[in-house]
Amino acid sequence: MEQKGPSGTVPQLGRIALKRVAVPRAQAAPPPPTRNALVAEPDKAVRKAVAAHLPRDRFQTWTFEDADSAYDHFGQNGVDLVILGRELPGMAGTVLAQLMRNSRKGSAVAILLMSPSYRDPYLGAGDCNAFGADAFLALPAAPDVLLARVEAALSKREPVARLDLLPKPLAEEIDRLYGDLEHLNYYDLLALPPDADADALQRRFHELSLQLHPDRHTRLRGRAPHVWEKINAVYKRLSEAYKVLVDPPRRRSYNLGLRRRGKLRLEKDPFSAREDRELALCETDDARRHVLESLELRSLGDLEGAGEAMARALAFEPDNEELGLVLSSIRKLLSIVERDG
Amino acid sequence: MAAIEHVIGIDLGTTNSVVATVLDGEVHVMPDEAGARLQASMVAFLEDGSVVVGNGARQEAVVDPLNTIYSAKRLIGRHYTSNEVKTALQQFPFKLVKGKNQVPLVEVRGERYGLPEISGMTLRRMKDIAERYLGQPVAQAVITVPANFNDTQRQMTKLAGHLAGLDVLRVINEPTAAALAYGYGRDIDARIAVYDFGGGTFDITILQVRGNVFEVVSTAGDTFLGGDDFDNRLARYMLLGFKQQHGFALDHDALAFSRLKQVAEKLKCELSVKDRAIVNVRELALDADGKPCDLRFQVDRASVDERCQDIVQRSFLVCDEALRGARMKAEDVDGVVLVGGTTRMPLVRQMVAEYFRREPLTDLNPDEVVAIGAAIQGASLVSDPFAKGAPAQPLLLDVTPMSLGVQTVSGYFDVLIPRNASIPCEQTRVFTTTVDDQTTVRLQIYQGESKVAADNTKLGEIELYGLRAAPRGEVEIEVVFEIDADGMVVVTARDRETGIEQATRINVAAGYSPDEVEAMIERGI
Ligand SMILES: Nc1ncnc2c1ncn2[C@@H]1O[C@H](COP(=O)(O)OP(=O)(O)OP(=O)(O)O)[C@@H](O)[C@H]1O
Ligand SMILES: [Mg+2]
């Protein structure tokens, strides 16, 4: 592992030499806290240049050549900013970014992805958060562009509690929920026990809505767009959780996925692959109608109803063996569910 | 200190509009210079090129029907081929023509106007009334729409506000606004049904109100059920009377029928306050000898009620549906709020009371309650509920009235966001290519409840273009469908592998291109 501080002499960032650009520095403002930065990039010149341009008074920077050692360091230390190259030995930067983002402490870290050329498909992606990255940097780039992207990424991950825009406990609650959004099941998200009834769910949801509904925070929309986005993301998930749990069939199907496969969210199957296949098996419109109904009931978690609908479809095409197979697999699933309670 | 900015709430009605605002914690319905609190949603284009909007346009409708536009709300955001436009073509005296992209346009005095421009003129009038009342400029508004307005209708209503020089903070549903007007500040814990029977549509919305939270649990509607149906029924009853009186039938005389319908509406309203009524329709038709025949028609309320019961009964089918959606029974409802002119009919009130087994609430003016709710919501959207000493503000948790989905390969409707999902909300779906080197994927987006996509309302088509050339199934595009707090659809897409924001082209059916919108703004209203 090599640890480098800024050398201040490398006027090069990316593969093409660049004119040196003066980096503007803040004058009067109080010094912001020192952050821990991690740079992973196989190209030595690029790695050094990037590290060199992160101001020393604001960042303590660690550099790595490969994905594994970067990920190890990330796992063992508090890191605020990660800058990743596109291709790293061992793992693509995109994959590493996702890994980091999805890890336990992933929500607070700012991630910047660098792409090696203007032809890279990232280009134009701007601030889109694919792979959990907060910003993209196309190389070659002037140092001030690098710093601008770093700031953009950091501000997206700035804890709400640090911004003094909202009452402290509320801001901390937003940070906590946003940070854990991909790790909490619906019950934990709403902080309710698994046997909570409809009334308890509704009361809790109303309480949370009064605090977290975007309409309560309209003035942040223009003033602090990143905070606004976090609030929206949190609220949408809360209301998703509420709407699923308050509806008995959907709650049943969610509980099943949670228990058997650890699925934290209720998701529908990917678009219509199964739907189109089963519909294509039918020869008559009547059968198709019942198959459609069966598919719909399955998506609602009603296996019993789905089986009955499929049996009705089969009544129109008794010789259709493939439909028969679908029916028996539904029945099999139903018996497993019934056995497991 | 800068002057307080007022947000106005506008009930943009089919026949009448109302504007209100919150002043020092109290709601004011703002009258015009003549003291009128209701404005006709009418726009008259005069011969000298000037335009009269509101109550002043009313008399023009009588003397110059060709150049006086009304009922814009029935047409806004509709396809030219829709039933509403077809009916309007037959019934409305002013001229409608087909614009680009299936958009109906109004043609008046040689000029063509989009419906958002016509509605925009009404909104501008409401804004003027507010500015006069408040003595200062107004920039922000909340506008109400029927709960079952689809995405296009909402977009067009928002555009109308924009053209009127308003920043539309929110488009909210009329029944939700009505519930807010009833429940705000009363600290209740109750389940409320808002029964909204207007001129052309019927809506029912069920809410759970707890303190300051107004949660819409479910909503349902019938866009072809309204006061008009009573008028038609009564007009047919009158035809029967004519036949008895003169010995011949008028069944195929469209002109006579449309005259009778107007008379029928007046008669219907009269019967809301009186037990019996008489009308005289002069020279309704000519007999075989060419002699003009009058109709003298006398009815009592009881016999009309008997003939119209089934129309009211139809509204309860919709109520059943909404209650099912809320997992409730009619008797679980703690309060019934009546909205809309048709609820003035004693028959409606009586049948509603029987259905819900309780007397409906009628203590607020049904004409004003929607605007009042919009004003309350407007004030709450610009306040900071977390500021020290801030008064408690209401919070609306609304739902989407229709399922949103895409058409599958086999023509079925694949639901992405079901109806009654609370908004804002979003759903992500992955789409993939089906042939090698395919560079575009088209998604047809619909709203509605039919399992067959084509039976629903098409919102538009989204084209994901410039995809990477790759073997089929390899390019995976993740599409996020969002319904925002206005109930409007926002679609974004990205390539799963590369993470690029995927370019999309959205072709809104019955909508305007950015250039056309630009031109409207340029022209001004
Ligand atoms: N006193 C009355 N008795 C019976 N019906 C009435 C009475 N007054 C108005 N109506 C009917 O109410 C209908 C208009 O209702 P309303 O004014 O609520 O509709 P709107 O607000 O214009 O429509 P929308 O809310 O759908 O935009 C018409 O059909 C009218 O005939
Ligand atoms: Mg109305």
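The chains referred to below are lettered A, B, ... by the order of the sequence lines, with proteins before strands, and numbering in each begins at 1.
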Check your understanding: So B:Ser380 and A:Asp215, side-chain contact (heavy atoms from CB on, under 4.5 Å) or not? Walk me through it.
Key -> CA-CA 8 Å; B:Ser380 116; A:Asp215 280 1; over 6 Å; no
Taking it one step at a time, do A:His206 and B:Leu397 satisfy side-chain contact (heavy atoms from CB on, under 4.5 Å)?
CA-CA 9 Å; A:His206 286 192; B:Leu397 307 177; 4.1 Å; yes
Subject >> Evaluation steps, salt bridge (Lys or Arg N to Asp or Glu O under 4.0 Å), between B:Asp484 and A:Lys236 >> reply: CA-CA 10 Å; B:Asp484 67 13; A:Lys236 281 180 199 164; over 6 Å; no
Assess the residue pair A:Arg216 and B:Gln393 against the criterion (side chain to side chain donor-acceptor pair (under 3.5 Å)); give the C-alpha distance rounded to whole Å, side-chain angles, the decisive distance to 0.1 Å, and a yes or no.
CA-CA 9 Å; A:Arg216 310 297 268 179; B:Gln393 292 292 341; over 6 Å; no
Residue pair B:Lys451, A:Glu293: steps toward the side-chain contact (heavy atoms from CB on, under 4.5 Å) verdict: CA-CA 9 Å; B:Lys451 287 174 185 167; A:Glu293 190 188 339; 4.3 Å; yes
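A distance of 3.5 Å separates CD of B:Glu215 from OH of A:Tyr242, quoted to the nearest 0.5 Å. With rounding to the nearest 0.5 angstrom, the OG atom of A:Ser209 is 12.0 Å from the CZ atom of B:Arg210.
A:Thr218 places no side-chain N or O within 3.5 Å of a backbone atom of B:Val382 that could act as its donor or acceptor partner.
B:Leu169 does not touch chain A: none of its heavy atoms, backbone or side chain, sits under 4.5 Å away. Heavy atoms of B:Val399 lying under 4.5 Å from chain A belong exclusively to its side chain. The contact between A:His213 and chain B is made entirely by side chain atoms (from C-beta outward), counting heavy-atom distances below 4.5 Å. Proximity to chain B is absent for every atom of A:Arg237, based on heavy atoms less than 4.5 angstrom apart.
Counting non-hydrogen atoms of neighbouring residues, nucleotides and ligands closer than 6.0 angstrom, the CD atom of A:Glu322 reaches no more than 12 such neighbours. For A:Asp197, the CG atom counts as densely surrounded, since its 6.0 Å shell holds more than 12 non-hydrogen atoms of other residues, nucleotides or ligands.
In terms of heavy-atom pairs under 4.5 Å with chain B, the best-connected choice from A:His217, A:Arg203, A:Arg289 is A:Arg203. Counting heavy-atom pairs closer than 4.5 Å to chain A, the top-ranked of the candidates B:Pro424, B:Ser383, B:Cys425 is B:Pro424.
Listed here is the closest heavy atom pair of B:Val217 and A:Lys243: O-NZ, 4.2 Å. For the residue pair A:Val246 and B:Arg327, the shortest heavy atom distance occurs at O-NH2, 3.3 Å. Closest heavy-atom contact between A:Leu210 and B:Phe386: O-CZ, 3.9 Å.
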